Each structure stands twice: as structure tokens, then as C-alpha cells.
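I have placed the structure first, in the form of C-alpha cells, so that the comments after it can refer back to it.
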Protein chains: 2
Amino acid sequence: MTTPEGQRGVAAEAGGRRRPPTAQQFVLEELRRAITTGRLRPGDPIRQEALAEELDVSRVPLREALKTLQGEGLVTYQAHRGYFVERLSLGDLREVYLIRELLEAEAVRRAAGRIGDEALRAAERAQAEVEEAAAAGDVLAMAEANRRFHMTILEASGLPRMVRMIRTLWDSTDAYRSVYYGEPANRERVIEEHRAALDLLRRRDAEGAVRVLAAHRAHAVTAIEAVLPGAPQA
Amino acid sequence: MTTPEGQRGVAAEAGGRRRPPTAQQFVLEELRRAITTGRLRPGDPIRQEALAEELDVSRVPLREALKTLQGEGLVTYQAHRGYFVERLSLGDLREVYLIRELLEAEAVRRAAGRIGDEALRAAERAQAEVEEAAAAGDVLAMAEANRRFHMTILEASGLPRMVRMIRTLWDSTDAYRSVYYGEPANRERVIEEHRAALDLLRRRDAEGAVRVLAAHRAHAVTAIEAVLPGAPQA
DNA sequence: GCATCGGATATTGGATCCAATATTGATTAT
DNA sequence: ATAATCAATATTGGATCCAATATCCGATGC
């Protein structure tokens, strides 16, 4: 970060976002984006020097950001060989969804009994954004709003550590999720299911909400499985 | 790591262990040990320069190790303020055990149906070490053997990611677990419960094993809760 | 006396340089 | 031709130095 503005590359589409206060956070965001958008694809080795130069930072904050991503399961690491974008096998994907099932069921169950009006309204707002993005066909915006929708609900569980773990699991499959939203039929279904879940939450029907959201996940995982074998092509 | 042998401090009791191939891994091990043994106590700030000097490494590998520990929840981090040993509230502790309950129940259930003879024998060996350490009153050795016992069983689940998460959760409460083993009555109970679990696993009684191990955890958490308020005193 | 401001100090964040290890490719013996 | 060896190169690991930020503490005004 010797110069205020770097050149354009991985960091190119950094539209109107303002830069985080530390290089490390900046790099973290850019790396996440690069992975979730497919700019860096599963299995790709991460060359530190090239990437550091592209982002216009030194290798030090880059390496720390990579350690964070390693902890989140987005990249793997081999001593003296470097970091690689995690390549999820079909088994890995199923395992991630199984874990999410176990954790989210409990979180949603608790959230249903505790969620307040503000949180419900926040979820409704997120849902409105989901529908908006879906109508516009903006897959990325939809994924982001969708994430907000679910996280808002989960946070009502009062289990912050659990939510953090779920969020991490969620992120680890980001690279594979966009394919799901690409399909218009799936976008429709997501909207329907969200509406049903909101309805059940408003009525404090915990088990109903758990059931609907479990089905919601199941749909996603089967759809992703269908296209998985091999990395998601660019 | 300019000199082969550093001075004595956090790294002092590095008995007969051989040094890992990279400074970062070495630091990671030492930090974990320092936290679990109480050499670094919950809430303590981690001064990088002092610690780096004590371990005879530069701050670079230390910072990367701290990032790893941050991901595992053993330390917290605030930009420009540094790292602190995580201080678990009572609520946090309960949450960790709740998550473990959800994940381990499923893992044990699967493990019971899949565990092979070698894994069973490995668990039995670990259990023998647990009993040995308990008899000798060696709390640290007991904690380590105990960990091997449980991990051996969990690994039979065929869910490596889940096991990794459980291991991380396990580690995050290390600082508080030693108090449990300190009590001879608890040591006795642990041994009994392990034997019962092994027996049920041999008979492929999944639900029985799940039940016994759930009770096993419940005992531990209530015992730890009793002494928790405030950090575990040195 | 108390709060506020400002500078000195401590501590973390980042850049650069050097060392250690792995990878690659040419060379040679079989 | 093929496999093994070894040097050249690429890449990561680590140390040191400098910059940026926060913290601490005394001075100053009310």
C-alpha cells in the first residue's frame, strides 16, 4: 500500500466501496470476493507475490488474511507449498450442509421463540431486497440479501458463537452457491420459501419454521450437487 | 529464531519435544500450551514483542499463529489494539457445550455404526492411558489422553470437517477444563463413563453411546460452571 | 478540582530484505 | 528411451526496519 490507489486487477471492480482502515481487512474482502465470484477458482494456487502486487500491498497482510481464510475453510494450506482455494468434494459439500442442518435447526428453534418485532422487520426488509434482486436478475445482490435474511433470523437465537460458525459454513460454499441462484426457477422457490418461513416466525411456530428452512436447504444442496462434479466453470 | 536455543519462559517447559519445522507451528504449539496451562490467562493482552522475544522468533510468525488462534476462538483481536486471550462467559461456555452436543450426537451416532476394530482398539489404548494418568494424578496427561479417546471415536464418523469443528470447540474451553480433572471424583467418573461408552460402541449401540456421552459432557459442564465466575485463578 | 487538550511513549500494522524449501528442467548414467 | 541426479529458479518462511495508531500522562483552562 505504498500508493493510495493501486492498479486494476482482482481489485478492479472495487466500485464505490471505501477502503477498510487496514490493508489486511482490505485484502480479506478482496480475496473473499475473488473466491465467491469465481475470479479465483477452487484448486487454484495462490501466488503471494503476484497477488500482493496486484492488490498493491506487501505479502505480510496478505499472509495474515490467508490465515484467516484458512480458518474459515475457504483456502487450504501446505507448509512451504502455499495456499490453495479450497476445492469442495461432493462429500464435503454434503457434510457442510449436514452440519448446517444440525446447527440451524437449533438456532431457528430458539429464534422463533425470541425474535422481536425489529428483527422481524429487518428480515422482511431483507426479503424485500431478495425479491427485488431476483426480479432484476442480479445474482450477487440476491445472494447478499439472502444472507442478510437468514443471518437476521439466526441472530435472534441469542447464540452468537453458533451464528458465527454457521456464517463461516455458509461462506465456505459461496463459490458454489451462485450457480443455484442463476436458475430463475430456483430464485422463485427461494422467495416462496422465505415468505413461508417469515409467516411461521410471525406466528412463533418454531417447528414449522425449522421444517421449512430445512427443506429450503435441502433444495439448495440437491440443486448444487447436480452441477458440482468439477469446479464451477468460469 | 536467530539462535537454535532460546531462553526460558513461556517456552521453558519444552521438555523432550522436538521443534516443529517452522517457527509458526512452534509458536502455535507454545501458545496453545500457554493458554491451556494457564500461563496466559483469559483476558490477558498478548504483547507481541515481548512474547516474540521470549519464544525467540520474530513477530511475523507470531502474528500468523495468533490469526490461527483467533479463528479457533482462543484469542480475540481488535485492530490496532492487539490480541487478548479469550475470556469465556458462562453463557459462552454453555453455548460451546450446546454446539458440541448437537454435533457430537450426530458424529457418535454415525461412528457407532462404522467404527472398525482398529479404531476401537485405539480408543481402548487411549482409555488405558486415561486411567494410567488418572491414577498418577497427572491432570495434563489425562486431558491429552482423554482428547485422544474422544477424537478417535469421533473420527470413525467419517465426517472430517465436523470432527475438525468439534476439536476446535474442544480446544476453546481447554483453559477451563483442567479444573474438572483436578477433582479426583470427576476423574473416577470420567473413567466409568468412558468404559460404558466403549462397551456400547462394541455392541454397536448408537443411541446408547450417544446418551452416555451426552451425560458425560453434561457432567463436565456443570462441574466447570460451578467454579467458573471469574477467570480460573492461577 | 475536573475535564480537555496535546505531546511523548508504547504497541501494532506494513514494507522490504534475506533465508530456507520446493519445484523445474537439463544432464547423465543405465 | 527412461529414470535418477543436481543445479537453477521460483516461492514461501522469517527477520528487521519504518509507519500508523492508540494509549498514557502531564499541562492548561475552566
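Within every chain, numbering begins at 1; the chains are lettered A, B, ... in the order of the sequence lines, protein sequences first and strands thereafter. Here the structure is a predicted model, which means the values were calculated and not measured.
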Could you give the side-chain donor-acceptor pairs of residues 164-172 of chain B under 3.5 Å, partners two or more places apart or in another chain?
| from | atom 1 | to | atom 2 | distance (Å) |
| --- | --- | --- | --- | --- |
| B/Thr168 | OG1 | B/Arg164 | O | 3.1 |
| B/Asp171 | OD1 | B/Arg147 | NH1 | 2.4 |
| B/Ser172 | OG | B/Leu169 | O | 2.6 |

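Rounding to whole angstrom units, CD of residue A/Gln25 and P of D/dT21 are separated by 12 Å. If you measure from atom CD of A/Glu64 to atom P of D/dG13, you get 13 Å, rounded to the nearest angstrom. Spacing between atom CD of A/Gln48 and atom P of C/dA15 amounts to 14 Å, rounded to whole angstrom units. We find that CG of B/Leu62 is positioned 15 Å from C1' of D/dT16, with the value rounded to whole Å. Rounded to an integer number of Å, the gap from A/Asp56 CG to C/dT16 P is 9 Å. What separates CD of B/Glu53 from P of C/dT12 is a distance of 14 Å, to the nearest Å. Look at CZ on B/Arg59: it is 11 Å from P on C/dT11, rounded to the nearest Å. If you take CG of B/Leu51 and P of C/dT11, they are 13 Å apart, rounded to a whole angstrom.
The heavy-atom pair separating A/Thr152 from A/Ala119 by the smallest distance is CG2-O, 3.5 Å.
Among the protein residues, B/Gln24 comes within range of the sugar-phosphate backbone only, with heavy atoms under 4.0 Å from sugar or phosphate atoms but none that close to a base.
No hydrogens or angles were tested; on distance alone, nothing pairs the side chain of B/Arg63 with the base of D/dG14 as donor and acceptor under 3.5 Å.
Side-chain N/O atoms of B/Ser58 include one lying less than 4.0 angstrom from OP1 or OP2 on D/dA15.
Annotation: proximity of residues 73-81 of chain B to DNA chain D (heavy atom, distance under 4.0 Å) is found for B/His80, B/Arg81, numbered in ascending order.
Judged as a salt bridge (charged side-chain N to carboxylate O under 4.0 Å, His left out), and not counting sequence neighbours, A/Arg114 has no contacts. Every residue two or more places apart in sequence or in another chain that forms a salt bridge (charged side-chain N to carboxylate O under 4.0 Å, His left out) with A/Glu124 is listed here: A/Arg202. Every residue was checked against the ring pair (Phe, Tyr, Trp, His ring centres under 6.0 Å) condition with B/Tyr181, not counting sequence neighbours, and none meets it. Residues passing the ring pair (Phe, Tyr, Trp, His ring centres under 6.0 Å) test with B/Tyr77, sequence neighbours excluded: B/Tyr83. Legend: residues meeting ring pair (Phe, Tyr, Trp, His ring centres under 6.0 Å) with B/Phe149, ordered by chain and number and at least two apart, are B/His194. The salt bridge (charged side-chain N to carboxylate O under 4.0 Å, His left out) test applied to A/Arg148 returns A/Glu129, A/Glu144, not counting sequence neighbours.
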Tabulate protein N/O versus nucleotide N/O from nucleotides 5-10 of chain D, keeping only pairs under 3.5 Å, one per line.
none

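Ranked by how close their nearest DNA chain C nucleotide is to the 5' end, B/Val60 and B/Glu49 are led by B/Glu49.
Using a 4.0 Å cut-off between charged side-chain N and carboxylate O, B/Glu95 and A/Arg110 make no salt bridge.
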